Asker: 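The structure's right below; bear with me while I get my questions together.
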2 protein chains.
Amino acid sequence: MSKETVSIGLSAAIVAVEGERPSVLVVAYDGAADALPFGPFDPAQQRTLESGLRKWVGEQTRFDLGYTEQLYTFGDKGRHESAAGTRVVSVGYLALTRQGKEAPETAWRGWYHYFPWEDWRDSKPAMIDSTILPALKKFVNDAPNAEATELRRERVNVCFGEGWDEERVLERYELLYEAGLVEEFWRDSGRTNKGPSLGTPMLFDHRRILATAIARLRGKLKYRPVVFELMAPTFTLLELQRAVEALAGLRLHKQNFRRLVAEQGLVEGTGKFNAPDRGRPAELFRFRRVVLRERPAPGVRLGVRRSKAS
Amino acid sequence: MSKETVSIGLSAAIVAVEGERPSVLVVAYDGAADALPFGPFDPAQQRTLESGLRKWVGEQTRFDLGYTEQLYTFGDKGRHESAAGTRVVSVGYLALTRQGKEAPETAWRGWYHYFPWEDWRDSKPAMIDSTILPALKKFVNDAPNAEATELRRERVNVCFGEGWDEERVLERYELLYEAGLVEEFWRDSGRTNKGPSLGTPMLFDHRRILATAIARLRGKLKYRPVVFELMAPTFTLLELQRAVEALAGLRLHKQNFRRLVAEQGLVEGTGKFNAPDRGRPAELFRFRRVVLRERPAPGVRLGVRRSKAS
DNA sequence: CCACATAATACTCATTTCGAGTATATATGT
DNA sequence: ACATATATACTCGAAATGAGTATTATGTGG
């Protein structure tokens with residue numbers, strides 16, 4: 001066995017929602033690609049991986065992480081090399097927060113900059129039909145043999161074919177990576193891209209970690225009340241709906257959304273109302289923390305709409 | 001920052017089902033507690049973590065892993081120390097296989113040996129009311145202050161209270177650990193246990209990894225057709241049901257189970273039948289691999305029963 | 001060969017959930 | 001007062017779900 005050393009890196013996708021924009025905290029080193037807050041794990045100082053994460057995120061971004069969740073551990077050679085040449089195994093985390101001030105060198109950025117094909121709120125993103133599907137068709141045909149062709153065809157169909165599954169964010173990103181449609185592929189393989197480059201690239205494998213974070217969050221929304229970690233203490237039901245829509249990248253049916261949320265006992269009215277510019281004032285609600293005790297698996301079911309507008 | 005080094009360990013919960021018994025491959029070092037197959041990750045030789053896993057599992061147990069899935073990365077100090085004193089960060093994997101021959105030094109063992117409170121197929125395990133709940137009540141009362149008491153009460157209620165959620169395997173194990181009801185707690189804290197010790201202990205944090213694996217598998221069953229990885233090429237619908245029941249630790253409604261499975265197009269008849277000792281012969285079915293293309297998220301929904309027998 | 005016991009498979013039915021609407025209520029601006 | 005905008009309530013049919021009963025196909029002991 002070799003003596004090559006390993007170091008552990010911790011990366012965090014710190015997510016917030018501002019109105020209709022789901023955003024992620026990024027570090028912008030001048031000139032370089034956007035990066036997630038990232039730091040080494042110091043085994044001598046830290047008892048757990050998560051405490052290590054909290055510590056240097058606090059130092060680096062002055063953020064107090066609330067809800068955090070481990071996502072995945074990536075160790076692929078070539079997708080993240082340290083300067084010293086040691087192998088970096090990176091453990092990705094998802095953290096949810098109510099948006100606050102950021103530290104210098106960091107900024108909130110809408111996550112659909114990195115994944116423009118994931119936002120179906122207004123309509124199916126045009127780039128899917130205009131750019132992605134034609135390029136993926138070519139990717140299918142370029143397969144080395146018949147078996148690989150069939151496998152690729154299936155993957156394309158599952159990812160971008162009939163029936164959009166909003167949770168398959170990582171699968172779609174990985175497919176686009178392998179098909180050479182994102183910049184990271186060319187950077188990692190040391191070649192120059194002559195074709196389309198979709199979305200804004202990120203440092204190392206950070207866009208992959210972010211894809212994992214979005215996928216996990218979109219899934220979790222449906223069976224755990226995690227949205228509330230992102231909301232202000234009180235909110236209107238439409239604000240809550242907009243937040244869920246922003247995360248899921250889908251529009252929901254307003255009346256059914258409120259029915260689901262109410263029936264599940266996830267919120268309770270405060271008796272206070274907002275003062276909108278126009279229209280009837282909406283009641284302000286708060287999250288009922290007690291549901292965590294009452295119901296075994298409370299969550300905001302989506303109630304996806306199939307046609308027309310809300 | 002210190003120079004303490006880290007090494008990466010890879011552990012695999014390799015799962016199979018033999019009839020009605022869900023089992024896991026364990027390594028039995030003489031005298032020591034049961035362990036999951038476990039090996040170091042060699043960054044010089046392996047391109048990805050998963051390929052590292054496959055390699056030494058193959059060497060150590062002669063197993064060819066089929067379906068594998070990363071579970072979680074554990075880095076807690078004190079719950080896994082290497083001999084040399086270096087910190088070990090362990091990445092846990094779940095692997096599904098059709099049971100075959102094991103290598104020397106390994107054995108299949110029913111997973112409910114390690115988690116006897118998780119098997120509700122016959123009835124609610126008696127130990128929950130007789131041992132667990134009284135001990136947890138004490139744990140709640142021993143909390144240092146009122147706030148901690150309330151928090152502990154909630155956790156006990158979610159884990160073992162009304163409405164059994166079969167997926168919360170890890171949460172329950174962690175609660176029992178903190179309450180000192182499993183041997184690992186006393187071993188890790190260097191003290192001797194004077195109270196009850198539930199289930200068979202494992203080496204290091206392997207029982208925690210196994211709990212994570214069971215939880216993940218129980219969840220995934222419902223929305224991805226993973227059971228079929230554990231079945232023979234052909235099987236009767238009752239055999240399939242028994243396998244799902246074994247994994248979920250619950251009984252299902254037979255007629256509804258077959259309706260779900262059939263309607264979802266997960267299986268197709270072979271036209272052949274088995275030859276039972278008594279009763280009508282059952283048709284042998286096979287998994288329809290094409291559903292992976294057809295349906296966005298096929299899985300065996302459980303169709304849990306609320307009363308009586310099937 | 002005929003009743004059973006046993007298990008597989010088919011069919012029924014009430015209830016709940018879901019998607020998609022329409023209807024009504026309460027604001028503001030003119 | 002009324003047009004407009006939004007919040008909230010209620011309705012309705014289709015599908016999914018939970019829990020049965022009914023029927024069919026075997027082997028076995030009289």
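A quick note: this is a predicted structure, and the numbers were derived from the prediction, not measured. In what follows, chains carry the letters A, B, and so on, assigned in the order in which the sequence lines appear, proteins first and then strands, with residues in each chain numbered from 1.
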Asker: Which nucleotide sits closest to the side chain of A:Ala282: D:dA7, C:dC18, D:dA25?
Answerer: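 Ranking D:dA7, C:dC18, D:dA25 by closest atom to the A:Ala282 side chain puts D:dA7 first.
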Asker: Could you state the CG-C1' distance from B:Leu250 to D:dG18, rounded to the nearest angstrom?
Answerer: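 About 15 Å, once rounded to whole Å.
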Asker: Thinking salt bridges, do A:Arg242 and A:Glu245 make one under a 4.0 Å N-O criterion?
Answerer: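 A salt bridge is present here (some side-chain N lies under 4.0 Å from a carboxylate O).
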Asker: What I want to find out is whether A:Glu166 reaches A:Arg121 closely enough, with some N-O distance under 4.0 Å, to be called a salt bridge.
Answerer: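 The answer is no: the pair does not qualify as a salt bridge.
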Asker: Checking salt bridge (charged side-chain N to carboxylate O under 4.0 Å, His left out) against A:Glu118, which of A:Lys124, A:Arg172, A:Arg168 comes through?
Answerer: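 The salt bridge (charged side-chain N to carboxylate O under 4.0 Å, His left out) with A:Glu118 is passed solely by A:Arg172 among A:Lys124, A:Arg172, A:Arg168.
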Asker: Pick out which of A:Arg216, A:Lys222, A:Arg218 makes a side chain to side chain donor-acceptor pair (under 3.5 Å) with A:Glu167.
Answerer: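 When A:Arg216, A:Lys222, A:Arg218 are each tested with A:Glu167, the side chain to side chain donor-acceptor pair (under 3.5 Å) holds only for A:Lys222.
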Asker: Please state how far atom CZ in B:Arg258 lies from atom P in D:dT17, giving the value in whole angstrom units.
Answerer: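 About 18 Å, once rounded to whole Å.
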Asker: Ignoring backbone atoms, test whether A:Lys254 places a side-chain nitrogen or oxygen under 4.0 Å from the OP1 or OP2 oxygen of D:dT8.
Answerer: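 Result: no.
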Asker: Under 4.0 Å between a side-chain N or O of B:Arg278 and OP1 or OP2 of D:dT26?
Answerer: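 The answer is no; no side-chain N or O of B:Arg278 sits under 4.0 Å from OP1 or OP2.
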Asker: In whole Å, what is the span from the CG atom of B:Leu260 to the C1' atom of D:dA15?
Answerer: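 It works out to 13 Å between those atoms.
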Asker: With ring-ring contact (aromatic ring centres under 6.0 Å, His included) as the test, pick out the partner of B:Phe115 among B:Trp117, B:Trp111, B:Tyr112.
Answerer: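 In the set B:Trp117, B:Trp111, B:Tyr112, the residue that makes a ring-ring contact (aromatic ring centres under 6.0 Å, His included) with B:Phe115 is B:Trp117.
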Asker: B:Phe273 CZ to C:dT9 C1': how many Å, rounded?
Answerer: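 For the pair B:Phe273 CZ and C:dT9 C1', the rounded distance is 10 Å.
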Asker: Side-chain donor or acceptor of B:Gln255 under 3.5 Å from a matching atom on the base of D:dT21?
Answerer: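 Donor-acceptor pair under 3.5 Å: yes.
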Asker: Would you kindly check whether a donor in the side chain of A:Glu283 faces an acceptor in the base of C:dT26, or vice versa, at under 3.5 angstrom?
Answerer: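 No.
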Asker: Name the closest nucleotide to the A:Leu237 side chain, picking from C:dT12, C:dA8, D:dT8.
Answerer: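 From the listed options, D:dT8 comes nearest.
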Asker: What is the distance, rounded to the nearest whole Å, between atom CG of A:Asn256 and atom C1' of C:dG21?
Answerer: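 Going from CG in A:Asn256 over to C1' in C:dG21 covers 9 Å.
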Asker: Provide, to the nearest angstrom, the distance between the CD atom belonging to A:Glu239 and the C1' atom belonging to D:dA7.
Answerer: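 Distance, rounded to whole Å: 13 Å.
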Asker: DNA chain C: B:Asn274 or A:Pro276, which has the more 5' nearest nucleotide?
Answerer: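 The residue whose closest nucleotide sits nearer the 5' end is B:Asn274.
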Asker: Of the options D:dA7, D:dT11, D:dG20, whose atoms approach the side-chain atoms of B:His253 most closely?
Answerer: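 Between D:dA7, D:dT11, D:dG20, the one nearest the side chain of B:His253 would be D:dG20.
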Asker: Do B:Arg280 side-chain and D:dT24 base share a donor-acceptor contact under 3.5 Å?
Answerer: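 For B:Arg280, whose side chain was compared with the base of D:dT24, there is a donor-acceptor pair (under 3.5 Å).
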Asker: Between D:dA5 and A:Asp277, counting only base atoms on the nucleotide and side-chain atoms on the residue, is there a donor-acceptor pair under 3.5 Å?
Answerer: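 Flag unset: no donor-acceptor pair detected.
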